[in-house]
Amino acid sequence: MPNHQYWLVKTEPSTFSFDDLVASPKKTSRWDGVRNYAARNHLRSMKKGDLVLVYHSSVVPSAIVGVAEVVREAYPDPTALDPKDPHFDPKSKPDDPTWVMVDLRAIEALERPVTLDEVKKTKGLEQMALVRLGRLSVQPVTPREYEIVRKLAQSKSS
DNA sequence: GCCAACGTTGGC
DNA sequence: GCCAACGTTGGC
């Protein structure tokens, strides 16, 4: 078995979509702007080579659309220190950064999007953090869940 | 645009 | 350290 973990990150495609990641230089972009402690802790746990499902929120239908990999492990997120940035955090100090980001590289789009509705209805996926902890923007995925999602994407839409 | 869920803040 | 008020997320 490959020695890596699985994750899921959410993004609003109007701000940054999976296609934007694919279109980035080397298909790679920093994943900045996370300002939630639970999500931050997951970012810190990410290892190079971990696989990351990319989920589009606030669109109809919201869905898992692609797969990326971690190419750089957690390092300080400079947007937290930039007063002009919408994610500026006045309490974060340069010498003790509160917030981190990772670099993600797009691997491939799913054969078709797997919608939230499908995730809720699919046996084995009901316990996904996506369903249980709706607002967590960076979350762990089990190998089994990852496998089921990939298989679903290869099957026909219902 | 509404609103439920839930994380964060701040008064005490 | 409790908890009410407030702000944000995100599905619908």
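Only this structure's heavy atoms are used, side chains among them; waters, hydrogens and symmetry mates stay out. Letters go in sequence order (proteins before strands), and every chain restarts at 1.
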Generate the contact string for nucleotides 3-10 of chain C. Rules: B means base contact, S means sugar-phosphate contact only, - means no protein heavy atom under 4.0 Å. ----BBBB
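Taking A:Glu147 as the reference, A:Lys151 meet the salt bridge (charged side-chain N to carboxylate O under 4.0 Å, His left out) condition, with sequence neighbours excluded. By the salt bridge (charged side-chain N to carboxylate O under 4.0 Å, His left out) test, A:Arg35 is found to be paired with A:Asp77, residues two or more places apart in sequence or in another chain being considered. Listed by chain and number, the residues in a salt bridge (charged side-chain N to carboxylate O under 4.0 Å, His left out) with A:Arg30 are A:Asp32 (sequence neighbours excluded).
Of the residues in residues 31-46 of chain A, those with a non-hydrogen atom less than 4.0 angstrom from any atom of DNA chain B are A:Asn36, A:Tyr37.
Salt bridge A:Glu69/A:Arg105: present, at least one basic N to carboxylate O contact under 4.0 Å.
Look at CE on A:Met128: it is 13 Å from P on C:dG11, rounded to the nearest Å.
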Hey, can you pull the donor-acceptor pairs under 3.5 Å for the side chains in residues 125-138 of chain A, sequence neighbours left out?
residue	atom	partner	partner atom	Å
A:Glu126	OE1	A:Gly124	N	2.8
A:Arg132	NE	A:Gln127	O	2.7

Name each donor-acceptor pair under 3.5 Å that joins a side chain in residues 52-60 of chain A to protein atoms two or more places apart or in another chain, with its distance.
residue	atom	partner	partner atom	Å
A:Tyr55	OH	A:Ser62	OG	3.2
A:His56	NE2	A:Phe18	N	3.0

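Contacts classified as side-chain hydrogen bond (donor to acceptor under 3.5 Å, both in side chains) and involving residues 18-27 of chain A (residues at least two apart or in different chains) are given here: A:Ser17-A:Asp20. A ring-ring contact (aromatic ring centres under 6.0 Å, His included) check over residues 63-104 of chain A, counting only residues at least two apart or in different chains, returns the pairs A:Tyr37-A:Trp99.
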